[in-house]
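Labels below follow one simple rule: chain letters A, B, ... track the order of the sequence lines, proteins then strands, and each chain is numbered from 1.
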Protein chains: 2
Amino acid sequence: MLKFSKKADYALLSLQYMATVQSGIDATPRVVNTKEIAEEHNIPVELLAKVLQTLARHQLIESHHNGPKGGYALGREPRAITLAQVLEAIEGPLGLTDCSHEKDDHSQCEQMNHCNIRTPLFKIQESIFQLLNSMSIEDLMVEETPMIFVESLKPQGVPS
Amino acid sequence: MLKFSKKADYALLSLQYMATVQSGIDATPRVVNTKEIAEEHNIPVELLAKVLQTLARHQLIESHHNGPKGGYALGREPRAITLAQVLEAIEGPLGLTDCSHEKDDHSQCEQMNHCNIRTPLFKIQESIFQLLNSMSIEDLMVEETPMIFVESLKPQGVPS
DNA sequence: GAATCTCCGACCGAAACCATCGGAGCAAAT
DNA sequence: ATTTGCTCCGATGGTTTCGGTCGGAGATTC
């Protein structure tokens, strides 16, 4: 539950990689191609290509001319690319429920005609959005501790 | 993306309904059966049955004797049932990535041998957990404004 | 004791997702 | 001008998850 799709993982990995690679170089942002990222992270090239295409279509990255020396580079500075933007580009509009986006009609949700949990769920949704919007690619560029295990995912005692 | 499954929706609806129904009655918690909930919210009975079974197995609700007059009731007070518990019961252990739970070995994640986004993602994950753990069934029992549309899901300007 | 109603586990089709393949277009290098 | 290597785009297949359905087992009421 709440798991990112692999495409989303690949997108985040790629963006972080591109940001790291071109950091320190001010004038000429380095162009990096699909194959390089794929080999670096050991993911299938063709699938990654599709992910990068999608990111380019949403202008999160720029495709620098075809042919040799071609490739991608970040479209903006890392800080200006939020995680919400990335996820939305890859997975489409995000929301906890189906009825989050039906601006036009709410006929879809007839099955829950007496739906009483909409409002509180929207509040949760809003909090998650805020969280994902507050973090950018820049925040992914931290020195990495090799392996961290989150031990207790279980709720530690019940709020009473 | 980030969407709840229908089973999760059904679970939350049911719990909220059971909590509402038995509120005001102090001594004898009212037992409610599957059919009643299903008809109330217009969802398939058999599927809802499975959801309730799962909830019972995780002791979020109690199954009161079979036969006529049988049914379910909340296992604890609404405040003691967090959303995280519900989701985890229905969907299994929740985490943004696959490598969130591999306590034993990390062989699974060979494909991302140079995975550099683990730590920041775990931070996001932790925040979401905290959020889902801070809200309980009780928080779902609010007076409902008939229909609310969240208008702007899009990021409103970029943090610079 | 029979009937009725419930909980419970097993089963099946549908849909989404991951991954793959082939081809077209284009710019740079030769 | 030709070749090379890369980006793009569409169509396709296999696999897993999810939504939904079915029949059986157990208990209580009449």
Side-chain angles (χ1 to χ4, degrees), chain A residues 1-11 13-14 18 30-39 41-73 75 87 89-94 97-98 108 111-112, chain B residues 1-11 13-14 18 30-39 41-73 75 87 89-94 97-98 108 111-112:
Chain A
M1 183 62 209
L2 281 181
K3 212 172 58 183
F4 285 168
S5 70
K6 289 195 178 177
K7 286 199 279 188
D9 288 337
Y10 297 162
L13 277 172
S14 301
M18 295 169 75
R30 213 192 117 191
V31 174
V32 55
N33 62 13
T34 307
K35 195 177 168 192
E36 178 180 344
I37 302 179
E39 288 178 348
H41 295 290
N42 204 32
I43 53 188
V45 193
E46 298 87 357
L47 181 58
L48 179 62
K50 247 171 68 166
V51 171
L52 295 182
Q53 286 166 29
T54 307
L55 291 179
R57 198 178 314 126
H58 287 80
Q59 291 162 355
L60 297 179
I61 60 179
E62 290 174 350
S63 94
H64 281 249
H65 61 264
N66 300 348
K69 294 289 185 179
Y72 293 100
L87 293 178
I90 296 294
E91 315 252 5
L94 35 85
T97 64
D98 288 323
Q108 197 76 348
Q111 41 179 217
M112 305 182 185
Chain B
M1 184 62 211
L2 282 182
K3 212 174 55 185
F4 286 167
S5 70
K6 289 195 176 177
K7 285 199 280 189
D9 288 338
Y10 296 162
L13 277 172
S14 301
M18 295 169 74
R30 212 193 117 191
V31 174
V32 55
N33 63 11
T34 307
K35 196 176 168 191
E36 178 180 344
I37 303 179
E39 288 178 348
H41 294 289
N42 203 30
I43 54 188
V45 192
E46 297 86 357
L47 181 58
L48 179 62
K50 245 171 65 168
V51 171
L52 295 182
Q53 287 167 29
T54 307
L55 291 179
R57 199 179 313 124
H58 287 78
Q59 292 163 355
L60 297 179
I61 59 178
E62 291 174 349
S63 95
H64 281 248
H65 63 263
N66 298 350
K69 293 286 186 183
Y72 293 101
L87 292 178
I90 297 293
E91 316 252 5
L94 34 86
T97 65
D98 289 323
Q108 197 76 345
Q111 41 179 220
M112 304 182 184

Interatomic distance, [X] [atom1] vs [N] [atom2] [rounded to whole Å]:
{"X": "A:Lys35", "N": "D:dG5", "atom1": "NZ", "atom2": "C1'", "value": "9 Å"}
{"X": "B:Lys7", "N": "D:dG19", "atom1": "NZ", "atom2": "C1'", "value": "8 Å"}
{"X": "A:Glu36", "N": "D:dG5", "atom1": "CD", "atom2": "P", "value": "17 Å"}
{"X": "A:Glu39", "N": "D:dC6", "atom1": "CD", "atom2": "C1'", "value": "14 Å"}
{"X": "A:Lys3", "N": "D:dT16", "atom1": "NZ", "atom2": "C1'", "value": "10 Å"}
{"X": "B:Phe4", "N": "D:dG19", "atom1": "CZ", "atom2": "P", "value": "13 Å"}
{"X": "A:Asn33", "N": "C:dA28", "atom1": "CG", "atom2": "P", "value": "15 Å"}
{"X": "A:Ile90", "N": "C:dA19", "atom1": "CD1", "atom2": "C1'", "value": "15 Å"}

Under 4.0 Å between a side-chain N or O of [X] and OP1 or OP2 of [N]?
{"X": "B:Tyr10", "N": "D:dC18", "result": "no"}
{"X": "B:Ser63", "N": "C:dT6", "result": "no"}
{"X": "A:Thr34", "N": "D:dT7", "result": "yes"}
{"X": "B:Arg57", "N": "C:dG9", "result": "yes"}

With sequence neighbours excluded, residues passing side chain to side chain contact (heavy atoms under 4.5 Å, CB included) with A:Leu87:
A:Phe4, A:Ala8, A:Leu94, A:Leu132
Got a sec, which residues hit side chain to side chain contact (heavy atoms under 4.5 Å, CB included) with A:Ala56, two or more places apart in sequence or on another chain?
A:Ile61, A:Tyr72
Hey, can you pull the residues of residues 44-56 of chain B with a non-hydrogen atom under 4.0 angstrom from DNA chain C?
B:Lys50, B:Gln53
Rounded to the nearest 0.5 Å, how far apart are CG of B:Leu55 and CZ of B:Arg57?
9.5 Å
Look up atom OG in B:Ser14 and atom CG in B:Asp9, then write down how far apart they are to the nearest 0.5 Å.
10.5 Å
A:Leu2 vs B:Glu91, test: side-chain contact (heavy atoms from CB on, under 4.5 Å). Steps then yes/no.
CA-CA 9 Å; A:Leu2 281 181; B:Glu91 316 252 5; over 6 Å; no
Under 3.5 Å, which N/O atoms of the protein pair with N/O atoms of nucleotides 28-30 of chain D?
none

Tell me the closest heavy-atom pair linking B:Glu62 and B:Gly75, and the distance in Å.
CG-CA, 3.8 Å
Test salt bridge (charged side-chain N to carboxylate O under 4.0 Å, His left out) applied to A:Glu36 - qualifying residues, sequence neighbours left out:
A:Arg30
Partners meeting salt bridge (charged side-chain N to carboxylate O under 4.0 Å, His left out) with B:Lys3 (sequence neighbours left out):
A:Asp98
N/O donor-acceptor pairs under 3.5 Å from side chains in residues 43-53 of chain A, not counting sequence neighbours:
none

